[in-house]
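Working notes for the structure below.
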There are 2 protein chains.
Amino acid sequence: MKKKTRVNIYDVAEEAGFSISTVSRALNDDARISAKTKVKVKAAARRLGFQKNAIATSLSTNQSKVIGVLVSELNRGFLSSLVHTLEDTAFAMGYSVIICQTNNSHEREKTYMDTLIASRIAGIIATLSLETDSYEHFEKAKEQGIKVVLVDRVSPKIKSTTKIVIDDYQTAFEGTQHIIGQGYDKIAYVSGPTKQLLYADRLRGFEQALKVAGLPLNPEWIEYSDDLSYEEGTRIAKKILSRKDKPNAIFTANNLAAISTIAYARQIGIRVPEDLGVIGFSEEPFSAFMQPSVTSIRQPSTEMGKLAVQKLVEEINADPGESYIHQKIILDTELIPRESTNRLCKR
Amino acid sequence: MKKKTRVNIYDVAEEAGFSISTVSRALNDDARISAKTKVKVKAAARRLGFQKNAIATSLSTNQSKVIGVLVSELNRGFLSSLVHTLEDTAFAMGYSVIICQTNNSHEREKTYMDTLIASRIAGIIATLSLETDSYEHFEKAKEQGIKVVLVDRVSPKIKSTTKIVIDDYQTAFEGTQHIIGQGYDKIAYVSGPTKQLLYADRLRGFEQALKVAGLPLNPEWIEYSDDLSYEEGTRIAKKILSRKDKPNAIFTANNLAAISTIAYARQIGIRVPEDLGVIGFSEEPFSAFMQPSVTSIRQPSTEMGKLAVQKLVEEINADPGESYIHQKIILDTELIPRESTNRLCKR
DNA sequence: TTGTAGGCGTTATCAT
DNA sequence: ATGATAACGCCTACAA
């Protein structure tokens, strides 16, 4: 009927003079097979250049050693660093990683989910797309027995799922306190889309810190962006800094926006940090190298990536009989004070 | 024997009242199946929540829609941007992408190659690990019928393979000419490991440009690094700038080293670009945002990524009867002059 | 310790 | 246009 393609266990069985079951067991180091036989079988396999077909194994055992990673875009600092760690940790645990960029599109996230389900992967590690506001596709995956771990961008609407996050509210609160502590008192905020929980939390933290400090919360000083790109940052900085009543500090919900804000401010002759303090979420590799260097908030991408894989594999290997208890793990962040908010000390 | 797991075509066949052959054909939109039947079958499939098992398809057809990507590290500008495009293009062409970070280890590259071969993937797009200096594992993949495309870091020892590169020699030559044109005449060079062809070529281009311009080629001004990290860049800058006979410009084989060189120089009171010109290979997202901004050489990661996938898929789909002609494609680079080499005009 | 045979979920060949 | 059935390559329950 169909032509066989490469060397398979039947060939090895013939070469070694055993049955295919013995060959299969020998190659998988089954305890029941004698050492001698194993040696013979493995020698035969080597002689023929046998490479076991993982597809067939997967079909037969109904499990795979592949993890799907859903992520918006790879070419941003935090995410590329996260995926770097994810892949590295997965490799160490014997898993491969399929990368699925959603480009922040809900549609594409769903399409990819179907592909991943069809591929019968072992589990999914996902950072929600910015656009995503319904979650049936995640339920679908879980119904099919695919384990899911959510990282960074999560939603309380997705139940029974391990989540690995930072405390966005608290972090924004403390970041704001840092600015206030540096003597800035008219503080603007550049937010991402608040339908994403983490942006809503950050905004709340910011507002709360102002309230606690008794500082004004000027609605004109709060702006929203869908993607917080460099260009968007510039556009919004322009808008904010052209108001009659200008702020003397800007807190941005990511670091790219902070950098473009600084660049724009300097361009129009506003001194940073003297006239304008700037702080941004998400440490980027270049935050420290800028002039002035940029005060930012480090998210522990390495720890998040490691934990995500470990928790996922833990759940994959969990006894199906026992009920697995899902955790929401909150990791520490670190405020890294740099020149861009350093109004107190002379540089 | 074993328990079946999810809804399969047998279930759909029963639900729809057809045989599994008809169901399979209907779901694949085979021309022989009547429109009515297709509608019925698809409705049945939807009713049962059927999701075709890609593993089984793959086993049966002996082909998969997965591309393996071998890359040293994801968290560097050029590579994360390349992989970003690779994934995006692959998605558009109906392929998924498995990411394999080698961490520049030859050993790990070989291990991954075995995994990829076992997974019976359709093809591989690879950027050689810095350590790699033998290539049997690539031959092995090709023997197994897996198509390979090499990007950026290639080797002439790997034959019959599509290669997508830049002209490293010419680019370094022109970069050096740019520095010379800015009035620098004592130029140092920071190289990567020259057993990698691209670093050897860049060094040759640098040397040739000096020769043509009649400038001295001081062996003390040429340094080598295995990984060109930020730390390495600092270490080497320190070494070069502490010589009695100091250069007045430094050309680094990547951009991270350029940035750390600038940072170190400024730290010890050397003005950039007035006292020291700095230029680096590989544009990074932060090259433009630095103070001073960094003159660098943009490698067309987007075009490289697109082409790599297109050529790979082209070869995968090529008629096995015809012989496929492999190309080496050389893409243009772009020198982006910025402040770090701008000695002529006042800023 | 080793062998036999059935099953995983498809696709493809050969009939009808 | 549709159906029956043998592959694809491996694993594993059961038998010996």
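We name chains A, B, ... by the order of the sequence lines, and we start the count at 1 in each one. Just so it is clear, the structure is predicted and the values come from calculations on it, not from any experiment.
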Checklist entry - Expressed in angstrom and rounded to an integer, what is the separation of B:Arg32 atom CZ from C:dA12 atom P? => result 9 Å
Item to check | Nearest-Å distance for atom pair CZ/P, residues A:Arg25 and C:dT1 | outcome: 11 Å
Checklist entry - When you check the side-chain N and O atoms of B:Thr161 and B:Lys142, is any donor under 3.5 Å from an acceptor? => result yes
Item to check | Atom pair distance, as rounded to whole Å: CG in B:Leu59 and P in D:dA6 | outcome: 17 Å
Checklist entry - Should the ring pair A:Tyr135 and A:Phe138 be called parallel, tilted or perpendicular, given that the plane angle runs from 0 to 90° and is split at 30 and 60? => result tilted
Item to check | Between C:dT10 (P) and B:Arg120 (CZ): distance, integer Å | outcome: 21 Å
Checklist entry - Any Lys/Arg nitrogen of A:Glu73 or A:Arg76 sitting under 4.0 Å from an Asp/Glu carboxylate oxygen of the other? => result yes
Next on the checklist: Just N and O in the side chain of B:Asn28: are any of them under 4.0 Å from OP1 or OP2 of C:dT11?
Outcome noted: yes
Checklist entry - Of A:Val23 and A:Tyr10, whose nearest nucleotide on DNA chain C comes first from the 5' end? => result A:Val23
Checklist entry - Is a side-chain donor-acceptor pair under 3.5 Å present for B:Glu109 with B:Thr132? => result yes
Next on the checklist: Under 4.0 Å, heavy atoms only, any strand: does B:Ile55 hit a base, just the sugar-phosphate, or nothing?
Outcome noted: nothing
Item to check | Short side-chain N/O contact from A:Ser21 to OP1 or OP2 of D:dT12, under 4.0 Å | outcome: no
Next on the checklist: Nearest whole Å is fine: how far is C:dG7 P from B:Asp11 CG?
Outcome noted: 15 Å
Item to check | Under-4.0 Å side-chain N/O to phosphate OP1/OP2 contact, A:Ser34 with C:dT2 | outcome: yes
Next on the checklist: Please confirm whether the shortest side-chain N or O distance from B:Thr22 to OP1 or OP2 of D:dG3 is below 4.0 Å.
Outcome noted: yes
Next on the checklist: Between P on D:dT12 and CD1 on A:Ile33, what's the gap in Å once rounded to a whole number?
Outcome noted: 13 Å
Checklist entry - Between C:dT11 atom P and B:Asn62 atom CG, what is the distance in whole Å? => result 14 Å
Next on the checklist: Strictly below 4.0 Å: does A:Thr61 bring a side-chain N or O up to OP1 or OP2 of D:dC10?
Outcome noted: no
Checklist entry - Base, sugar-phosphate alone, or nothing: which one does A:Phe18 contact when heavy atoms must sit under 4.0 Å apart? => result sugar-phosphate
Checklist entry - Can you tell me how far P of D:dG9 sits from CZ of A:Arg6, to the nearest Å? => result 9 Å
Next on the checklist: I want to check one thing: is the phosphate of C:dT10, taken as OP1 and OP2, less than 4.0 Å away from some side-chain N or O of B:Thr57?
Outcome noted: no
Item to check | Under 4.0 angstrom between A:Lys52 side-chain N/O and D:dC11 OP1 or OP2 | outcome: yes
Checklist entry - Under a 4.0 Å N-O cut-off, is there an ion pair linking B:Lys306 with B:Glu303? => result no
Checklist entry - Would you say a side-chain N or O of B:Thr37 is under 4.0 Å from OP1 or OP2 of D:dT2? => result yes
Checklist entry - Taking OP1 and OP2 of D:dG9, is either one under 4.0 Å from a side-chain nitrogen or oxygen of A:Asn53? => result no
